[in-house]
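First up is the structure itself, then whatever we jot down about it.
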2 protein chains.
Amino acid sequence: MSRIPRYQVIYEDLSSQIASGALAPEAQLPSEADLAERYGVSRMTVRQAVRQLQDEHLLVRRRGAGTFVTRPSAQRRRLNRLGSFADEMGAEEHRVRTELRARETTAVPEEAREPLGLAAGRETIRIERLRLIDDRPAALQISWLPYALVPLLARVDLAGGSLYRTIRDHYGLRLSWADMEVSASAATAGQADVLGVRRGAPLIASVRITHDPSSTAVEYARSWTRPEFPLSIRLEA
Amino acid sequence: MSRIPRYQVIYEDLSSQIASGALAPEAQLPSEADLAERYGVSRMTVRQAVRQLQDEHLLVRRRGAGTFVTRPSAQRRRLNRLGSFADEMGAEEHRVRTELRARETTAVPEEAREPLGLAAGRETIRIERLRLIDDRPAALQISWLPYALVPLLARVDLAGGSLYRTIRDHYGLRLSWADMEVSASAATAGQADVLGVRRGAPLIASVRITHDPSSTAVEYARSWTRPEFPLSIRLEA
DNA sequence: TAGTGGTCTAGACCACGAG
DNA sequence: TCGTGGTCTAGACCACTAT
């Protein structure tokens, strides 16, 4: 008795056919009715698999015409995905190192109260990290996580600096989406010292609130990044 | 005979109930079976409406528990989609005005040559605009477009400052995607003067290369934005 | 006109969460 | 245990595209 949904099986089959090239870019898929017959399911089930692939921009449906594999240019790796710092910085090309500067239990700071949905005085885990790229200081990050969601995180080993992997492996928390605000600020004396820039030098300043699949806020994070390490975003129409 | 799908009607009804507060944040919706009965449709139709709202993070479904209204998160300059400046800034809430500071034909600058795929000395249209939000200077933007793609753009009326609409209406160019890099910089004397900040003040600095559906680069643009107008990005896992 | 995807029905059984 | 959302069926008619 398989516990895997049928549409998921179909999704993975079509997905791997696209990845392997068996279904080439621009190629037309069999009609939904055909696919339903081949997989021995109803058309609605096929549609659920196809919709998932459409959401990932691997397939395009054209009413009256058919379903087609998208051109590879549109399949390019999304730079706008929620990922670890190493992912974002392109860890393939550069050596990313993390220096843990502080990890402690503190009352939730004012600025994080509302985003995290915590009452004043509630405890959080505060984690301050310096990110280095090719041994050069690149970004200072401070995260606050509700203590109730990640108890004892202050004592857990942070796997290679990846907070996301740690809370997934230790607490089963999956991170699903984040709202991020990006601005600019002048380096304070403390930031300047840590990041190796002059006081008042411009930094990329950002605030991020990360949520789990049920939209519970899991992390409030601020970061300051040297301008030589810009953020890359791909925007689609 | 209505040509609007029923799930769309349900979607809009629920959507406006959420917007008006009739369905408050954290509130539980009636069950899918209930909604189906109320709207006089089958459950699958209700699910289609709810899925759409879930995709937009307005609702959260929890298996075994119910469907709930999401807590709202601040809406700022949304950057997930390629759109006009007014779109990004949320033109409903704020008055966005554009001051055209320069429009001329010039040789392609060095920095834009490779992104636009132009040989040295080729001509471009250069457009410099100041964006004001509620009459306060917010961003300085300079765009270069290959002359060959938009001949005589220097003389065409720029509809309310929307370059995108103008080149679509006059040249049939549709913009499909853009790569953007966001960083920070210190205001030069000229930028400081135009934007009303002190020289050396931090600004959000970005570079964007916009493409048409066939991936031809249509625009190379730099902009400097005051930090009170941060960019907002939603990241998905 | 033939074939495609878009919408929709009226059921069904199952997995999960809360009390 | 009971109510919820998750999955799935076997049909149907419609809107649209290509020929």
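Each chain gets a letter, A, B and so on, in the order its sequence line appears, and its residues count up from 1.
Between the CD atom in B:Q17 and the CG atom in B:L29 there is a gap of 8.0 Å [rounded to 0.5 Å]. Atom CD of B:Q28 sits about 11.0 Å away from atom CG of B:L23, to the nearest 0.5 Å.
Atom P of nucleotide D:dA15 and atom CD1 of B:I4 are separated by 14 Å, given to the nearest angstrom. The interatomic distance linking A:R63 (CZ) with D:dC13 (C1') rounds to 13 Å, in whole Å. In this structure, B:E37 places its CD atom 16 Å from C1' of D:dT4, rounding to the nearest Å. Computed from coordinates, the B:D34 CG to D:dG3 C1' distance equals 10 Å when rounded to whole Å. Taking atom CD1 on A:I10 and atom P on D:dT7, their separation rounds to 13 Å, with Å as the unit. Rounded to whole Å, atom C1' of D:dG11 lies 13 Å from atom CE of B:M44. Between the CD atom of B:Q8 and the P atom of D:dA15 there is a distance of 16 Å, rounded to whole Å. A:Y39 places its OH atom 18 Å from the P atom of D:dT7, with the value rounded to the nearest Å.
B:R6 forms no cation-pi arrangement with B:Y39, by the criterion of a distance under 6.0 Å to the ring centre and an angle within 45° of the ring axis.
Relative to the side chain of B:Y7, the nucleotides C:dT9, C:dC8, C:dG17 differ in distance, and C:dC8 lies closest. Here C:dG5 is the nucleotide among C:dG5, D:dT17, C:dC8 with the atom lying nearest to any side-chain atom of A:R47. Distance from the side chain of B:T45 is smallest for C:dC8 among the nucleotides C:dG11, C:dC8, C:dG6. Comparing atom distances between the A:R6 side chain and each of D:dG5, D:dC8, C:dG5 picks out D:dC8 as nearest. For B:R43, the side-chain atoms get nearest to D:dG6 when compared with the rest of D:dG6, D:dC13, C:dT9. With distances taken from any side-chain atom of A:E32 to the nucleotides D:dG6, D:dC8, C:dG5, the minimum falls on C:dG5. If you check D:dT9, D:dG5, D:dT17 against the side chain of A:S42, the one that comes closest is D:dT9.
B:W144 and B:Y220 have tilted rings, their planes meeting at an angle from 30° to 60° on a 0 to 90° scale.
Residue A:T67 places at least one side-chain N or O closer than 4.0 Å to OP1 or OP2 of C:dG5. Look at B:R61 and you'll find a side-chain N or O under 4.0 angstrom from OP1 or OP2 of D:dG6. In this structure, A:R62 does not reach the C:dG6 phosphate: none of its side-chain N or O atoms is under 4.0 Å from OP1 or OP2.
Nucleic acid contact class of B:V50 (heavy atoms, under 4.0 Å, all strands): none.
The shortest non-hydrogen separation linking A:L231 to A:I204 is CD1-CG2, 4.0 Å.
Toward the 5' end of DNA chain D, the nearer of the two residues A:V46 and A:G64, judged by each one's closest nucleotide, is A:V46.
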